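Just so it is clear, the values below take in all heavy atoms, side chains as well, and ignore hydrogens, waters and symmetry mates. Counting convention: from 1, in listed order, for ligands and their atoms alike. In what follows, residues are counted from 1 in the order of the sequence shown. All figures in this text were calculated on a predicted structure; none of them were measured in a lab.
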Amino acid sequence: MKKIGVLTSGGDSPGMNAAVRAVVRKAIYHNIEVYGIYQGYTGLMTGQIKKLELGSVGDIIHRGGTVLYSARSEEFKTEEGQKKGIEQLRKFGIEGIVVIGGDGSYRGAEKLTQHGFPCVGVPGTIDNDIPGTDFTIGFDTALNTVIDAIDKIRDTATSHERTYIIEVMGRHAGDIALWAGLAGGAETILIPEADYKMEEVISRLERGHERGKRHSIIVVAEGVGSAVDIGKQIESSLNIETRVSILGHIQRGGSPTAFDRVLASRLGARAVELLMAGKEGRAVGIQSNKLVDFSISEALSQKHEVDLSMYQLSTELSI
Ligand code: ADP
């Protein structure tokens, strides 16, 4: 392979830049030309493609977001859109691409590979919801942003004797809520993968109150429901004041942590190695700190599982 491309797609995540840098530098190290495809699949279809040099990815390892920009494209979900993309790639003489993104982006990469164009996927999403890898690029940074927020909210919660409900990202995956709740010492964690009973949440609050706790922190993943509604239900059952904090998009931004930069560098470089070895339709990941690769279709046919033993631990530690 003499020419490869790289794009970032779907929801951006901190560390995507470090992955782009790794792809570019690793390819050039092996005398392969690299092309940046801007704005994800949208730019792929419209030919927003530019050759990248060593210096093109200088000074980006520490920056959040993605210098290649990202996009969501409905047109690319059609066969016509996918063929348009492949036409552009052929025009530039590109023989394979690295797709950095979440499961939606992986579906696009799977389709391109099925049409005969080699792709390798790199997991870039804060949600940590891609099967086959223990961690996705951006999860650790998002987690640290949430913990920073929880710590700050804890200070004011203690001062005013209040119950805080903190809503974090995760429509289908509870990883951010679970890890951040455990690391932040939350009394209660609500995730989409585990049923909960409001009566239990309330009796846990009551027990804490009786023991003289001055505050309580409840971390809820957005997929569970509205934090505002949960707050109202608590207020109507108990004579306590609640406050709600919806962290929103701050969880997506910021300088990537050392963990995410290292993960992105390792995975980005491995993706190039796979293309060089003529492998296609593969996704890279990390399992027990070892780099692995597996079929994108296989990954997409599986469901990401949250570690429920950690959920159990969180309830045991916050009795
Ligand atoms: P993420 O990659 O973060 O999960 P999305 O789900 O928005 O983000 O997917 C990113 C893009 O991938 C979509 O806008 C679309 O262009 C492409 N994509 C998603 N699903 C498919 C599909 N089934 N076939 C082809 N392309 C898809």
Side-chain angles (χ1 to χ4, degrees), residues 5-17 19-20 23 37-49 64-66 68-89 97-133 135-142 168-176 192 221-223 248-249 251-253 256 260 263-264 267-268 271 280-285 295-304:
V6 55
L7 63 80
T8 50
S9 164
D12 64 309
S13 72
M16 277 184 162
N17 281 329
V20 170
V23 169
I37 301 156
Y38 290 78
Q39 283 194 49
Y41 294 129
T42 302
L44 176 60
M45 290 183 297
T46 54
Q48 296 176 59
I49 299 173
T66 161
L68 293 180
Y69 307 124
S70 190
R72 292 201 161 95
S73 162
E74 280 306 308
E75 188 187 351
F76 193 74
K77 291 185 181 171
T78 66
E79 194 171 327
E80 208 185 22
Q82 293 149 18
K83 297 234 158 110
K84 233 172 159 177
I86 293 179
E87 234 171 77
Q88 291 290 351
L89 291 165
I97 60 169
V98 176
V99 171
I100 305 166
D103 58 348
S105 305
Y106 273 26
R107 284 185 202 285
E110 182 189 35
K111 293 279 162 56
L112 288 176
T113 306
Q114 283 166 356
H115 296 315
F117 193 89
C119 293
V120 171
V122 172
T125 166
I126 63 165
D127 292 327
N128 208 38
D129 62 348
I130 299 202
T133 186
F135 296 107
T136 59
I137 298 164
F139 172 63
D140 186 63
T141 306
V168 301
M169 281 188 172
R171 255 180 247 135
H172 306 289
D175 292 58
I176 293 179
E222 63 180 332
H249 281 83
Q251 295 164 88
R252 282 259 186 89
D260 274 331
L263 181 65
L267 293 180
E280 55 186 62
R282 311 289 292 172
V284 292
S295 126
I296 289 181
S297 304
E298 203 178 291
L300 288 173
S301 68
Q302 289 164 16
K303 204 178 160 304
H304 163 73

Does the residue Q82 have a heavy-atom contact with ligand 1, meaning some pair of atoms that are separated by less than 4.0 Å?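 Distance cut 4.0 Å: Q82 passes for ligand 1.
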Take every heavy atom of D103, measure it against each atom of ligand 1, and state whether any distance is under 4.0 Å.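 So D103 counts as touching ligand 1.
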Ignoring hydrogens, just give me the one of [options] whose non-hydrogen atom is nearest [atom].
{"atom": "atom 13 (C) of ligand 1", "options": "S70, S73, G104", "result": "S73"}
{"atom": "atom 2 (O) of ligand 1", "options": "G121, S105, G10", "result": "S105"}
{"atom": "atom 25 (C) of ligand 1", "options": "G11, G108, A71, G85", "result": "G108"}
{"atom": "atom 7 (O) of ligand 1", "options": "R107, R72, K77, E74", "result": "R72"}

Tell me the contacting part of F76 for ligand 1: side chain, backbone, both, or neither, using a 4.0 Å heavy-atom threshold, strictly below.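 For F76, backbone and side-chain atoms both sit under 4.0 Å from ligand 1.
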D260 and T141: side-chain donor and acceptor closer than 3.5 Å? yes
Those atoms of ligand 1 less than 4.0 Å from some heavy atom in G102: 1 (P), 2 (O), 3 (O), 4 (O)
Evaluate E79 against K111 for salt bridge (Lys or Arg N to Asp or Glu O under 4.0 Å), listing each step before the verdict. CA-CA 8 Å; E79 194 171 327; K111 293 279 162 56; over 6 Å; no
With a 4.0 Å cut-off, would you call K77 and E74 a salt bridge? yes
Report the relative orientation of the aromatic rings in Y69 and Y38; use parallel for angles under 30°, tilted for 30 to 60°, perpendicular for over 60°.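 It falls in the tilted class, 30° to 60°.
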Apply the test side chain to side chain contact (heavy atoms under 4.5 Å, CB included) to residues V6 and I100: give CA-CA distance (whole Å), side-chain angles for both, the deciding distance (0.1 Å), then the verdict. CA-CA 8 Å; V6 55; I100 305 166; 3.8 Å; yes
Taking distance alone, with N or O pairs closer than 3.5 Å, would you say G101 contacts ligand 1?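 Among all N and O atoms of G101, none is under 3.5 Å from an N or O of ligand 1.
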Does H304 NE2 have over 12 foreign heavy atoms under 6.0 Å away? yes
